[in-house]
Amino acid sequence: MIEWNEEYSVGISIIDDEHQEFIKIINGVLAAKLLNSSLDKIEELLTEMKDYAWNHFMTEESYMIEFKYPEYQYHKEEHFNFIHRVNSYCDRLLSGGYQLAKEILEFLKQWLVKHIHGTDKKYIECFVRNGLK
Ligand SMILES: [Fe+2]
């Protein structure tokens, strides 16, 4: 499980709330895997996770556009690559079985933590300067 801690905070409440929800949803997929839920169920949860991720990415990206954030293109690409990768995992899940489910979950955990710590934190200064808190 991923546990939210203050180190993940970007100090902007709408983003922190969405990140917490994102973590909760990923934990839901992790729990399903631990409980040996069917691959169909895991795929369904992954698809829900992806929909949530997409909406969350749109929240961030619309602020980036509004505030003319200089690293928008790069950031948007990271989001896009994430969605693309999850799509391709979903396509292969049924044939890849639980071994692939394990790999996917490992990827999700690492990606989210790395993305929040590395890429998201870079927009804090810009977002705060433009009035978010
Ligand atoms: Fe992001």
Side-chain angles (χ1 to χ4, degrees):
M1 298 288 148
I2 312 173
E3 231 171 288
W4 170 265
N5 73 56
E6 279 308 310
E7 267 179 57
Y8 299 150
S9 173
V10 296
I12 297 163
S13 58
I14 181 172
I15 309 273
D16 281 348
D17 288 351
E18 290 191 1
H19 282 158
Q20 282 174 354
E21 186 63 23
F22 199 169
I23 288 174
K24 224 198 233 167
I25 293 172
I26 291 182
N27 282 339
V29 192
L30 285 162
K33 161 79 173 51
L34 288 173
L35 293 166
N36 291 319
S37 299
S38 68
L39 290 170
D40 282 327
K41 180 69 192 167
I42 293 174
E43 191 189 2
E44 185 189 315
L45 292 171
L46 278 175
T47 304
E48 281 172 28
M49 184 282 302
K50 195 186 66 190
D51 291 344
Y52 187 84
W54 182 257
N55 284 319
H56 164 62
F57 295 162
M58 289 305 115
T59 303
E60 289 186 345
E61 290 178 27
S62 54
Y63 285 130
M64 288 179 208
I65 294 169
E66 188 183 339
F67 304 150
K68 300 189 171 47
Y69 178 59
E71 288 185 52
Y72 165 64
Q73 277 306 331
Y74 172 78
H75 200 128
K76 179 190 157 92
E77 239 164 74
E78 245 185 53
H79 288 164
F80 178 83
N81 290 338
F82 174 82
I83 297 288
H84 186 74
R85 182 128 179 215
V86 174
N87 276 336
S88 113
Y89 272 140
C90 282
D91 288 346
R92 290 185 288 131
L93 183 60
L94 295 183
S95 57
Y98 287 98
Q99 192 51 40
L100 186 64
K102 198 173 150 208
E103 184 187 324
I104 297 172
L105 286 162
E106 211 37 61
F107 164 73
L108 292 181
K109 281 196 276 187
Q110 286 180 12
W111 188 89
L112 189 70
V113 169
K114 193 167 157 254
H115 184 78
I116 294 177
H117 267 309
T119 313
D120 284 344
K121 287 205 164 169
K122 290 188 190 161
Y123 60 54
I124 298 177
E125 195 270 332
C126 170
F127 282 17
V128 169
R129 187 164 25 86
N130 282 279
L132 291 192
K133 49 187 169 203

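Counting starts at 1 for both ligands and their atoms, following the listed order. Counting from 1, the numbers follow the sequence of the chain as shown. Treat the numbers as computed from the prediction; the structure is a model and nothing was measured.
Taking the six-membered ring where tryptophan is involved, the planes of Y8 and W4 are perpendicular, since the angle between them exceeds 60° and thus also 30°. Between H19 and H56, the ring planes lie perpendicular to each other; the angle is over 60°, past the 30° to 60° tilted range.
Remark: of the listed residues K50, E103, E43, E103 is the sole one forming a side-chain hydrogen bond (donor to acceptor under 3.5 Å, both in side chains) with Y89.
F57 and F82 have their aromatic ring centers within a separation under 6.0 angstrom. Two rings, from Y69 and Y63, have their centers 6.0 Å or more apart.
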For a side chain to side chain contact (heavy atoms under 4.5 Å, CB included) check, start with the C-alpha distance between K121 and I124, then their side-chain angles and the critical distance, and finish with the verdict. CA-CA 6 Å; K121 287 205 164 169; I124 298 177; 4.1 Å; yes
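Note on the Fe ion (ligand 1): protein N, O or S atoms under 2.8 Å away count 5, no waters included.
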